[in-house]
Amino acid sequence: MHLANWLCDNYLKDSLATLIVENMHLHILPTMNPDGFALRWRGNANNIDLNRDFPDQFFPVNNDIDYRQPETRAIMNWVKQEHFTASASLHGGALVANYPWDGTRDTSKHYYGCPDDKTFQHMASVYSRSHYNMSLSKEFEGGITNGAFWYPIYGGMQDWNYIHGGCFELTLEISDTKWPKADELPIIWEHNRMSMLNLLASLIKSGVHGRIFAADTGRPVPGSVMIKGIDSKVSASSTFGDYHRIVAPGETYEVVASMRGFRQKSTRIRLEQEAVSLDFILDPDGADGQTKLLPRSNDRGCRCDNDNAAKPFHVHEAHLWLYLLIVSVLLALYVVFKRKTVPRLLAYRHSSSLRRPVAV
């Protein structure tokens with residue numbers, strides 16, 4: 001709630017507040033578990049831990065929707081509806097930025113990174129380094145941790161959001177005290193304020209952002225974007241065809257856009273400390289994946305009898321001289337036109353080259 005108030009109070013006064021308000025759709029959920037918050041315990045009114053209630057990639061214990069808690073179902077529907085790029089879940093009881101995976105296939109405690117491990121480490125580090133003292137932690141190197149390396153959990157929201165929502169979620173433990181007193185909240189807010197703001201700003205100022213269009217209609221399409229070598233993808237929105245792919249800076253990536261019924265396209269980019277804007281224009285694909293050639297039609301209306309079939313098509317000699325004369329005149333006009341226009345075209349291209357958007 002302090003974050004929401006600060007953004008509203010400082011819009012057009014502070015550069016970070018203005019950047020976030022004008023460039024991001026930010027949704028703030030005060031609490032996922034209002035009953036547990038009021039009762040001061042982990043479970044909801046049914047005494048179910050909601051951060052163990054999501055479908056899990058390793059164990060099907062929560063796959064039965066009839067037993068899923070209403071709060072969990074509401075969050076799942078919300079994530080799928082809003083098409084989030086990234087999120088952060090705020091917890092108490094420790095001081096660390098936690099990232100996927102939260103569990104392991106064999107339930108043992110060890111580092112178990114997801115396909116976007118480098119990106120999650122970068123996001124967690126942005127938060128930790130901006131914090132008052134999180135990065136100075138003696139328990140967690142750099143103030144960040146892989147969830148499974150800390151302690152494995154199953155049915156958590158963090159992993160589900162990443163797998164099923166394409167949403168890069170961090171679990172932020174923002175206070176060593178599990179139930180801090182009300183008068184301590186302003187201090188906790190000040191310790192985390194720059195972390196929250198810098199994390200939000202980093203999603204705008206880094207990564208690959210753009211739109212996907214159909215070449216034949218010019219309209220946006222809800223394709224998907226992958227980074228070659230990273231086994232995860234994000235989907236473009238169905239309304240505007242916009243996508244937002246968070247990746248760690250300082251690397252070269254091959255970005256691939258695809259859509260059913262279209263030929264995929266790819267390009268290589270070097271991502272430094274600023275975001276890259278990259279649009280894709282996809283060509284429609286044939287049913288068999290190849291461009292079909294239509295058979296040549298006989299549009300001259302000739303009767304292909306035996307006599308005509310044995311003779312090649314020919315032009316009378318008088319017509320031949322007329323055609324040659326016309327071609328010579330057109331060629332001369334073309335040479336004159338080219339001499340006059342090429343210098344102007346070159347000058348125009350030189351002046352407009354810096355204004356071209358990046359599109360593939």
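Below, all heavy atoms of this structure are taken into account, side chains as well, without hydrogens, waters or symmetry copies.
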If I compare all heavy atoms of [X] with all of [Y], which pair ends up nearest, and what's the gap?
X    : Y    : result
G36  : W179 : O-CH2, 4.3 Å
N161 : S87  : ND2-OG, 3.7 Å
P222 : S238 : CB-CA, 3.7 Å
T119 : A248 : OG1-N, 3.2 Å
A215 : D283 : CB-OD1, 3.3 Å
Y154 : D56  : CA-OD1, 3.5 Å

Kindly indicate whether the side chain of [X], heavy atoms from C-beta on, has any atom under 4.5 Å from the side chain of [Y].
X    : Y    : result
V208 : V225 : no
R263 : L282 : no
F262 : D216 : yes
H91  : I174 : no
L95  : S175 : no
T31  : M1   : no
R245 : I230 : yes
P249 : Q273 : yes

Does a donor on one side chain and an acceptor on the other come within less than 3.5 Å for [X] and [Y]?
X    : Y    : answer
D242 : S237 : yes
R270 : T252 : yes
Y162 : D116 : yes
S258 : S224 : yes
D106 : S108 : yes
E71  : N44  : yes

Are [X] and [Y] linked, directly or through other ILVMFWY residues, by side chains that come within less than 4.5 angstrom of each other?
X    : Y    : result
I28  : L170 : yes
L90  : W150 : no
I212 : V256 : no
F280 : M226 : no
M259 : I281 : no

Interatomic spacing from [atom1] in [X] to [atom2] in [Y] - rounded to 0.5 Å:
X    : Y    : atom1 : atom2 : answer
M196 : L16  : CE    : CG    : 14.0 Å
W101 : D159 : CH2   : CG    : 5.5 Å
D102 : N146 : CG    : CG    : 8.0 Å
L172 : S89  : CG    : OG    : 7.5 Å
N192 : M134 : CG    : CE    : 5.5 Å
T85  : M24  : OG1   : CE    : 8.0 Å

### Query
Can you list every pair that meets ring pair (Phe, Tyr, Trp, His ring centres under 6.0 Å) and has a residue in residues 233-257, with sequence neighbours left out?
H209-H244
How about [X]: does its [atom1] atom have over 12 heavy atoms from other parts shown lying under 6.0 Å from it?
X    : atom1 : answer
E141 : CD    : no
R105 : CZ    : no
K80  : NZ    : no
H27  : NE2   : yes
Y67  : OH    : no
D231 : CG    : no
Y111 : OH    : yes

### Task
Let me see the working for V360 and L278 under side chain to side chain contact (heavy atoms under 4.5 Å, CB included), right down to the final yes or no.
CA-CA 8 Å; V360 179; L278 183 62; 3.7 Å; yes
### Message
If you apply the rule side chain to side chain contact (heavy atoms under 4.5 Å, CB included), what do you find for L12 with E22, and how did you get there?
### Response
CA-CA 10 Å; L12 298 180; E22 293 186 346; 4.0 Å; yes
#### Entry: With sequence neighbours excluded, residues passing salt bridge (Lys or Arg N to Asp or Glu O under 4.0 Å) with E184
none
### R260: partners by salt bridge (Lys or Arg N to Asp or Glu O under 4.0 Å), with sequence neighbours left out
none
### Centroid-centroid distance, F168 to Y99, less than 6.0 Å
no
### Task
Determine whether the aromatic ring centres of H110 and Y112 lie less than 6.0 Å apart.
yes
### Members besides Y132 in its Ile/Leu/Val/Met/Phe/Trp/Tyr cluster (side-chain heavy atoms under 4.5 Å)
none
### For I75, the rest of its hydrophobic cluster, which grows through side-chain links under 4.5 angstrom
L29, M32, L50, F54, M76, W78, V79, F84, M157, W160
Please confirm whether the backbone N or O of [Y] pairs with a side-chain atom of [X], one donor and one acceptor, at under 3.5 Å?
X    : Y    : value
S128 : S135 : yes
N33  : G43  : yes
D53  : T72  : no
R52  : I153 : no
D14  : N10  : no
S137 : F140 : yes

#### Entry: SB check R42 D49 (cutoff 4.0 Å)
yes
### Audit row: N98, Q158, side-chain hydrogen bond (donor to acceptor under 3.5 Å, both in side chains) steps and yes/no
CA-CA 9 Å; N98 178 94; Q158 175 176 266; 3.3 Å; yes
### Query
Who passes side chain to side chain donor-acceptor pair (under 3.5 Å) against T267, sequence neighbours left out?
none
